[in-house]
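In listed order, ligands and their atoms are each counted from 1.
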Amino acid sequence: MSINTQPTTPFEGQKPGTSGLRKKVKVFQQAGYLENFVQSVFESIGDFQGQTLVVGGDGRYFNAESIQIIINMAVANGFGRVLVGQHGILSTPAASCVIRKYQAFGGLILSASHNPAGPDEDFGIKYNISNGGPAPEKITDAIYAKTQTISSYKTLTSPVQVNLSKIATSQVANMNVEVIDSVSDYAELMQSLFNFDAIRKLLASDFRMCFDAMHAVTGPYAKVILQDMLGASDDSLMNCKPLDDFGGGHPDPNLTYAKELVDIVYGDHAPDFGAASDGDGDRNMILGKHFFVTPSDSLAILAANAKTVPAYKHGIAGIARSMPTSGAADRVANALGLDCYETPTGWKFFGNLMDADKVTLCGEESFGTGSNHVREKDGLWAVLFWLNILAVRGESVEHIVTEHWKAFGRNYYSRHDYEAVPTDAANQVMQHVRSQFGSLKGSMLAGRKVQTCDDFSYTDPIDQSVSLNQGIRILFEDGSRIIFRLSGTGTEGATIRLYLESFEADANKQNMDAQDALAELITASESISKLQEFTGRNKPTVIT
Ligand code: VG1
Ligand code: CO
């Protein structure tokens, strides 16, 4: 049946396509809103008649309802099979794994990642293509265009409710709905990549770890993989029960929002290793005893130690990092004689490079790391990678990181976020910096010479597609960088992200606090942006 509808502007106030659509639950609950988006997706992805669609989400409020809506629409639109995670649960990397394994046409992932969940909080949806990765801009642009002209959507005349709690296959009209185990395919993939025997031995020794699932989607995955398969003790896993409001928390694994875990690893009886993941399981934070590993360093260290992992024992093809991510990975790539690609922010830009075997490891400063085993960033994968390295090297996290700095130099790094500022003020900040490009070039700032400044743009080396305005860069001759970028994933006003980086080769100067090491760059950023004046904020909401 076809139901008449009105066009919507679902991406209003949001950059189309960064990570699909994210809005307040109440917005998604409006009549026809989710349906318009789903129908617009279906009409933008080509011929899927009789093909397989994967559906699952991070378990947040409105997850189950939206899955029922999608199943009914998938039947009416002609899919042949839908694979749904049990209880509607699939972490983002697990969804990517399932899409690839069962050669699905694509998948719909219900998540707003780390954004808070609950009736008054956020919901989100995104479409992933057959390689398991986020739809490229060509498709997200087409989806957006469709939402502007849509006049009807297709669903069943008598809607069905599928029992999502039981692993079973049922037939709905001409379509099979298979409720699948949310964890097993993913767990099997992890086991094929890492040295589980070595990790099991490590966890059976006096080594102690603490993993925080933050009441989000990774709980069930951690239980099966870390506990049942690898023998982690009960008390090494925390907040592993997924809740539809994430326990009222903000499951963003960073020093601010994962405070419970941070207090433990900086406390008196600190474990040797701490880790957390985000709402949909694609991010990771890595900690040692009283020690924090920046995501940029983590990517570089994984690359430098890749051969300790069975899946990468013959080496990696190359590395890719998002532009704001520090240059630490570039130094490793250089030393290994590998290419290192610099892409715009967002995992979708890594897909082509991985499909073409140009890169094996990818990472973003925003606590995202992953490899070509799927086409999403992968939180638990990063945790297992670190455990594999720790098991093989038998050294502490801190030792491994500081040795890495000695060998490659340290890229001091920090990101300052100004969340939910008025959109006009955010645009003024960006415009103000841009207006000074001419005078900044060649001038002295923060005690160093500005080499150049620009709006970052990217031409995909595989399909030549061009992405403009991906962040303002101020590049210094000594390798330091100041970057201003507007977030594409917020749901309230605008979020300004300020990224700061400087390089220190001297091993005797590598033990400073990052904020101290970057102090001059932080002051300079304020003076060239007038951020405080335009936004009325005198300090960032989050510093990582
Ligand atoms: C943020 C991060 C970006 C990440 C994106 C999606 O985007 O900066 O690196 O890819 O979130 O992450 P933005 O536009 O707000 O800076 V997630 O964990 O899930 O969907
Ligand atoms: Co996420």
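- Scanning for ring-ring contact (aromatic ring centres under 6.0 Å, His included) contacts around F28 gives Y33, F123, with sequence neighbours left out.
- When each atom of ligand 1 is checked for a heavy atom of R497 under 4.0 Å away, the hits are 8 (O), 13 (P), 15 (O), 16 (O).
- Atoms of ligand 1 lying under 4.0 Å from at least one heavy atom of K377, given by number and element, are 4 (C), 6 (C), 10 (O), 12 (O), 17 (V), 18 (O), 19 (O).
- Protein-derived N/O/S atoms nearer than 2.8 Å to the Co ion (ligand 2) total 4, waters excluded.
- There is a side-chain donor-acceptor pair under 3.5 Å between N284 and T369.
- Remark: the S465 side chain and the E137 side chain contain no N/O donor-acceptor pair separated by less than 3.5 Å.
- Close contacts between ligand 1 and S366 involve ligand atoms 2 (C), 3 (C), 4 (C), 8 (O), 9 (O) [criterion: under 4.0 Å to a heavy atom].
- Under the 4.0 angstrom criterion for non-hydrogen atoms, R22 is in contact with ligand 1.
- Within the listing of ligand 1, atoms 7 (O), 11 (O), 13 (P), 14 (O), 15 (O) sit less than 4.0 angstrom from a heavy atom of T489.
- Near D278, meaning under 4.0 Å from any of its heavy atoms, are these atoms of ligand 1: 18 (O).
- For a threshold of 3.5 Å applied to N or O pairs, the pair formed by T345 and ligand 1 contains no separation below that value.
- A donor atom on one side chain and an acceptor atom on the other are not found under 3.5 Å apart for D297 and H404.
- R415 counts as a contact of ligand 1, since one of its heavy atoms falls under 4.0 Å from the ligand.
- Taking the ring axis of F456 as reference, the NZ or CZ atom of R485 does not stay both within 45° of it and closer than 6.0 Å to the ring centre.
- Side-chain atoms of H250 and E121 form no donor-acceptor pair, as typed in the model, at a separation below 3.5 Å.
- F408 places none of its side-chain heavy atoms less than 4.5 Å from the side chain of N334.
- Comparing E419, E376, R283 by heavy-atom distance to atom 11 (O) of ligand 1, the nearest is R283.
- Taking 4.5 Å as the limit, every side-chain heavy atom of M323 sits out of range of all side-chain heavy atoms of T343.
- Contact atoms of ligand 1 toward G346: 10 (O) (distance under 4.0 Å to a heavy atom of the residue).
- For ligand 1 and R485, the ligand atoms under 4.0 Å from any heavy atom of the residue are 13 (P), 14 (O), 16 (O).
- In this structure, S322 falls outside the shell of residues with a heavy atom less than 4.0 angstrom from ligand 1.
- Here is the list of ligand 1 atoms found below 4.0 Å of a heavy atom in S113: 17 (V), 18 (O), 19 (O), 20 (O).
- Defined by atom type and a distance below 3.5 Å, a donor-acceptor pair is present between the side-chain atoms of Y312 and S371.
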